[in-house]
Colleague: 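Pasting a structure here, questions to come.
Chain A is the first sequence line, chain B the second, and so forth, proteins listed ahead of strands; every chain is numbered from 1. Note that this is a predicted model, so its numbers are computed, not measured. When reading the values below, keep in mind they use all heavy atoms of this one structure, side chains included, and skip hydrogens, waters and symmetry mates.
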Number of protein chains: 2
Amino acid sequence: MTDTKTALLRSAERAARTKGFDGFSYADLAADVGIRKASIHHHFPAKADLTLAVMQRYHVAFAETCDRIDAAHTTGGARLHALIAAYRSALGNGEMVCLCVAFSISRDHITTDVRAAMGDFRQMMLEWLTATFTRGNGDGTIAQVADPAAEARAALALLEGAQLAARTQADPTAFDAALALMSSRLG
Amino acid sequence: MTDTKTALLRSAERAARTKGFDGFSYADLAADVGIRKASIHHHFPAKADLTLAVMQRYHVAFAETCDRIDAAHTTGGARLHALIAAYRSALGNGEMVCLCVAFSISRDHITTDVRAAMGDFRQMMLEWLTATFTRGNGDGTIAQVADPAAEARAALALLEGAQLAARTQADPTAFDAALALMSSRLG
DNA sequence: AAGTATCTACCTAGTAGTAGGCAGGCATTC
DNA sequence: GAATGCCTGCCTACTACTAGGTAGATACTT
């Protein structure tokens, strides 16, 4: 039996990524985890606390994913390919989007510290992508790189947009289709 | 004085695009339009009816935008540039996203006919984009077009992702930054 | 005995939606 | 031409339900 706090974080992350911040409730989490609604407040006094904890957990987990990718692959092309695969597998069966995407819509309903955490996450991703495009340009494993920072911003938008496409169509292959062009540039 | 039904549609579209489907209520619309909450039900019996009407109105309006672009510009590059500008201006000050993006998150909370309308909208955009990339490839005003259909899918994801970036950062220039690479391909 | 985790039972505020009424416009009918 | 009846648009006042959150009791652990 995993501890309840972690179970709540997991459930909340899944709920947020499938239904958005305004789309899930403490009642949903309680039913999912198997405790009473009021008991959640013992672990997370307010929804804002839970939301921030979910965001921070997500950030740490994704940073670790990036580290693992860097450790497993040396070329820029291979690393970008692995990141695309990570985003793709995070999709589930086309029902989940990145936490940032899910929270972006509810931007005005979340607290400023969660918004700040979203900004931190995006910043981390942009830096990693910029470094990866720079490397891929240097080692020749990513074609036609002119400006690594511009590539990074476009790639992040593309990854997030592709998740939306997959979700809208309830079809994970829509993600692949949206990324086909970028993938074809990787050697 | 515009008629109340149209005022409601306008208010609902704005609310949906800034707060998402789960983020706005009849009370919000009532306060915005200046009638009582219950009176909205006179025009739209259920929220699902209103939502569908908003989506259909949006679809028609965007189709007209595409027609206007086609009438005003002949080259593929100029047309794509104009579409990017249309998406950019629809952003407002970085607080509004496309209806499809907003509803995508709440996919499981909206009715099937609204989901179908979202699919129709995306299909229309993909067809228009494919035709535009084909034209831009033929007349040489869009560089490096290999597969117009793949370009269309990537472009739509990029446009929607760029809107999310602008919204997350509350900064419309984030949209420009995400699209800089694609814009540089247009002659 | 103390602290942690959970419970039942409740609260306030807000959700979509309903019931029934009222004022005024526009016909038709006597 | 006045009376009748129907319609639109909006109202007040309500229902049933869900939201996040609280208080206090109870059980389990150490």
Colleague: So, is B:T4 close to the D:dG9 phosphate, meaning a side-chain N or O under 4.0 Å from OP1 or OP2?
Modeller: no
Colleague: Once you round it to whole Å, what is the distance between C1' of C:dA16 and CZ of B:F24?
Modeller: 12 Å
Colleague: Any side-chain N or O of B:S39 under 4.0 Å from OP1/OP2 of D:dC11?
Modeller: yes
Colleague: With sugar-phosphate meaning primed atoms plus P, OP1 and OP2, does A:A27 contact a base, only sugar-phosphate, or nothing at under 4.0 Å between heavy atoms?
Modeller: sugar-phosphate
Colleague: Going by modelled atom types, is there a donor-acceptor pair between the base of C:dA16 and the side chain of B:K37 at under 3.5 Å?
Modeller: yes
Colleague: Find out whether A:L83 and A:M125 are in side-chain contact, i.e. whether some heavy atom of one side chain is under 4.5 Å from a heavy atom of the other.
Modeller: yes
Colleague: With heavy-atom distances below 4.5 Å as the criterion, would you say the side chains of A:I40 and A:I35 are in contact?
Modeller: yes
Colleague: Separation of A:I110 atom CD1 from D:dG20 atom P, in whole Å?
Modeller: 15 Å
Colleague: Whole Å only: how far is the CG atom of A:D49 from the P atom of D:dG21?
Modeller: 8 Å
Colleague: If you pin A:H43 and B:F44 to their nearest nucleotides in DNA chain C, which one's is more 5'?
Modeller: A:H43
Colleague: Measure CZ/A:R36 against P/D:dA19 and give the value in whole Å, please.
Modeller: 15 Å
Colleague: Holding to side chain to side chain contact (heavy atoms under 4.5 Å, CB included), I want the full list of residues that pass it with A:P172, two or more places apart in sequence or in another chain.
Modeller: A:R88, A:L91, A:N93
Colleague: Check the angle between the aromatic planes of A:F21 and A:F103 and answer parallel, tilted or perpendicular using the 30° and 60° thresholds.
Modeller: perpendicular
Colleague: Mind calculating the distance between CG (A:D28) and P (D:dT18) to the nearest angstrom?
Modeller: 11 Å
Colleague: Under the ring-ring contact (aromatic ring centres under 6.0 Å, His included) rule, what pairs show up with a residue in residues 61-88 of chain B, not counting sequence neighbours?
Modeller: B:Y58-B:F62, B:F62-B:Y87, B:F62-B:F121
Colleague: Quick one: B:Y26 OH to D:dC10 P, roughly how many Å, whole number?
Modeller: 14 Å
Colleague: Among D:dC11, D:dT22, C:dT6, find the nucleotide with the atom closest to the side chain of A:A38.
Modeller: D:dT22
Colleague: Rounded to the nearest Å, what distance is computed from the NE2 atom of residue A:H41 to the C1' atom of nucleotide D:dG21?
Modeller: 5 Å
Colleague: For C:dT6, take OP1 and OP2 only and decide whether either is under 4.0 Å from a side-chain N or O of A:H42.
Modeller: no
Colleague: Measure NE2/A:H109 against C1'/C:dT15 and give the value in whole Å, please.
Modeller: 13 Å
Colleague: Starting at the 5' end of DNA chain D, which residue's closest nucleotide do you reach first, B:G34 or A:A46?
Modeller: B:G34
